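Please read the structure below before turning to the comments.
Quantities reported herein were computed from a predicted structural model and do not represent experimental measurements.
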Amino acid sequence: MPFIHRRSAGLALVGACALLALPAQAAGNEIRIAHVYSKTGPLEAYGKQTQTGLMMGLDYATGGTMMVNGRKLVLIEKDDQGKPDVGKSLLAAAYGDDKADIAVGPSSSGVALALLPVAEEYKKILLVEPAVADAITGEKWNKYIFRTGRNSSQDAIANAVALDKPGTVIATLAQDYAFGRDGVKAFKDAIKKAKLVHEEYLPTNTTDFTAGAQRLIDKLKDQPGRKVIFIIWAGGGNPFKIADLDLKRYGIEIATGGNILPAMVAYKQFPGMEGASYYYFGMPKNPVNEWLVANHYKQFKSPPDFFTAGGMTAGIALVEALKKTGAETGTNKLIKAMEGMSFETPKGRMTFRPEDHQAMQSMYHFRIKVDKAFEWGVPELVREIKAEEMQVPIRNKR
């Protein structure tokens, strides 16, 4: 392990929060990082995990000092509530009033798309974590945008590895906003052998899935071959309720990607279900993940979750970039340092692709196993899908 851990992430968190009270004029020897995320709102669970992970990543990468080259890291938290207009004004305030050198976030793809032009206007870096929509590093991208989180194409290509087989007929169920629509588009692009027969989009706040499920059943029930409903869903609502409509009677299976542990409680009713995941704490074998799992258990008495790993990755990426610039925060220097930069994360090595600043990374093909020791369906690793195996399209027309 490259860093000596001098104190717990909890102490580092206290230290960083204490610094939030310092006035802006004391900022000369500080590196100010704004974190715009869903502290409240529909993606609150994701936001809290990202925040925990970000603090742990900064702690890990600085060896517990929260300093780079003698400069103190100060974290400024902003709650976008999952609302694009709120996020936009908060990021502008962070760059303008709070003199943030760099920003991380947000949780929602819809908010992220509203933040991109703000980063361009202020000519400051926005490190996107964990918002997923392809458009963020695609047609809406600008040179100030980097992303440690995976994108819709990486999700889709990895899930296609699990599902794209001849004789398979697929219908999709997704949320009707950027995350869901970009996810389905990328999945369609990735499917080469299976046949996609229907796309069902429902509002993000849907709780009754009956009507949508009936449309999916009607499209699939008379199809020959293996029949699958592929679910792309984030936040509230439980789309897995559609299993209550006796899909087995029609020979219809459910498939989906990985998710946060509370959402994976629903996976327990689908032993043998396959998909691909961004992260599950038991899958990656490397020193960074071992540190994250051990320290998270120590601090929270629970394993790190999906977005905790992403937050930690963002924290490590920032510190590694700042080490390369000698803690200088000039945007052009940071861009030069980060383009093509490789760094170690809980998922192993990632590299920012120079063309669109997307972090190229492994994904994990899993099969669900039921284990009485866990409340959730356990994703057993079938195999790691390495970054170089995935032909992730460059969509930004740079």
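The main-chain N or O of V111 is found under 3.5 Å from a side-chain atom of S108 such that the two form a donor-acceptor pair. Looking only at distances, a side-chain donor or acceptor of K323 sits under 3.5 Å from a matching main-chain atom of A61. At distances below 3.5 Å, at least one donor-acceptor pair connects side-chain atoms of S107 with backbone N or O atoms of S38. Side-chain atoms of E328 never come within 3.5 Å of backbone atoms of L322 as a donor-acceptor pair (strictly under, hydrogens ignored). Counting only distance, with no hydrogens or angles, the side chain of K165 and the backbone of A162 share a donor-acceptor pair below 3.5 Å. For the pair Q154 (side chain) and A359 (backbone), a donor-acceptor distance under 3.5 Å is present. In this structure, E384 contributes its side chain and M283 its backbone to no donor-acceptor pair below 3.5 Å.
Between R395 and D189, at least one side-chain N (NZ, or NE/NH1/NH2) sits under 4.0 Å from a carboxylate O, which counts as a salt bridge. Checked for salt-bridge contact, R181 and D176 meet the test: a charged N lies under 4.0 Å from a carboxylate O. Remark: D155 engages R150 in a salt bridge, criterion side-chain N to carboxylate O under 4.0 Å. Ionic pairing of E320 and K324 is not present here: no N-O contact between side-chain nitrogen and carboxylate oxygen is shorter than 4.0 angstrom. Ionic pairing of D356 and R353 is present here: one or more N-O contacts between side-chain nitrogen and carboxylate oxygen are shorter than 4.0 angstrom. Taking 4.0 Å as the cut-off between side-chain N and carboxylate O, E199 and K188 count as a salt-bridged pair.
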Check against ring-ring contact (aromatic ring centres under 6.0 Å, His included), F209 and F240: CA-CA 9 Å; F209 291 85; F240 296 95; 9.2 Å; no
Test log, rule salt bridge (Lys or Arg N to Asp or Glu O under 4.0 Å), inputs R367 and E274: CA-CA 4 Å; R367 188 177 292 115; E274 289 187 45; 3.5 Å; yes
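Closest approach of G105 to L126, counting heavy atoms only: O-CD1, 3.8 Å. The two residues D80 and P106 come nearest to each other via the heavy atoms OD2-CB, 3.4 Å. Closest approach of G257 to Y267, counting heavy atoms only: O-OH, 2.6 Å. P239 approaches L173 most closely through the heavy-atom pair CB-CD2, 3.9 Å. Closest non-hydrogen pair, R147 versus N151, comes out as NH2-CB, 3.1 Å. Across T331 and K123, no two heavy atoms sit closer than the pair OG1-O, 2.8 Å.
Taken from CG in N289 to OH in Y279, the straight-line distance is 3.5 Å, to the nearest 0.5 Å. Rounded to the nearest 0.5 angstrom, I229 CD1 and H198 NE2 are separated by 9.5 Å. Interatomic distance, CE of M67 versus NZ of K72, reported as 5.5 Å (0.5 Å rounding). To the nearest 0.5 Å, atoms CZ (F179) and CH2 (W233) are separated by 10.0 Å. Distance check: D164 CG to I170 CD1 gives 6.5 Å after rounding to the nearest 0.5 Å. Interatomic distance, OG1 of T345 versus CE of M350, reported as 3.5 Å (0.5 Å rounding).
Surrounding NZ of K48 are at most 12 heavy atoms belonging to other residues, nucleotides or ligands under 6.0 Å away. At most 12 heavy atoms of other shown residues, nucleotides or ligands fall within 6.0 angstrom of atom NZ in K140. The environment of NZ in K386 is sparse: at most 12 heavy-atom neighbours from other residues, nucleotides or ligands sit within 6.0 Å.
Side-chain atoms of D134 and S153 include a donor-acceptor pair closer than 3.5 Å. With hydrogens and angles left out, the side-chain atoms of E77 and Y37 include a donor and acceptor closer than 3.5 Å.
Taking the side chain as every heavy atom from C-beta outward, S302 and H296 approach each other to under 4.5 Å. Side-chain contact between I33 and V104 is present, with heavy atoms from C-beta onward closer than 4.5 Å. At a threshold of 4.5 Å between non-hydrogen side-chain atoms, the residues R71 and T329 count as touching.
Both F270 and I217 are assigned to one and the same hydrophobic cluster, defined by single-linkage of ILVMFWY side chains at heavy-atom distances under 4.5 Å. A continuous path of hydrophobic side-chain contacts links M66 to L54 [ILVMFWY only; heavy atoms under 4.5 Å]. By the criterion of side-chain heavy atoms lying less than 4.5 angstrom apart, applied directly or through intervening Ile, Leu, Val, Met, Phe, Trp or Tyr residues, Y297 is grouped together with I260 in one hydrophobic cluster. Taking hydrophobic clusters as Ile, Leu, Val, Met, Phe, Trp and Tyr residues chained together by side-chain heavy-atom distances below 4.5 Å, W376 shares a cluster with I254.
In summary, the aromatic rings of Y364 and Y280 are positioned with their centroids too far apart to meet the 6.0 Å limit. Separation of the F307 and Y278 ring centroids does not fall under the 6.0 Å cut-off.
The aromatic rings of W141 and H357 sit perpendicular to each other, their planes meeting at more than 60°, with 30° as the lower class boundary.
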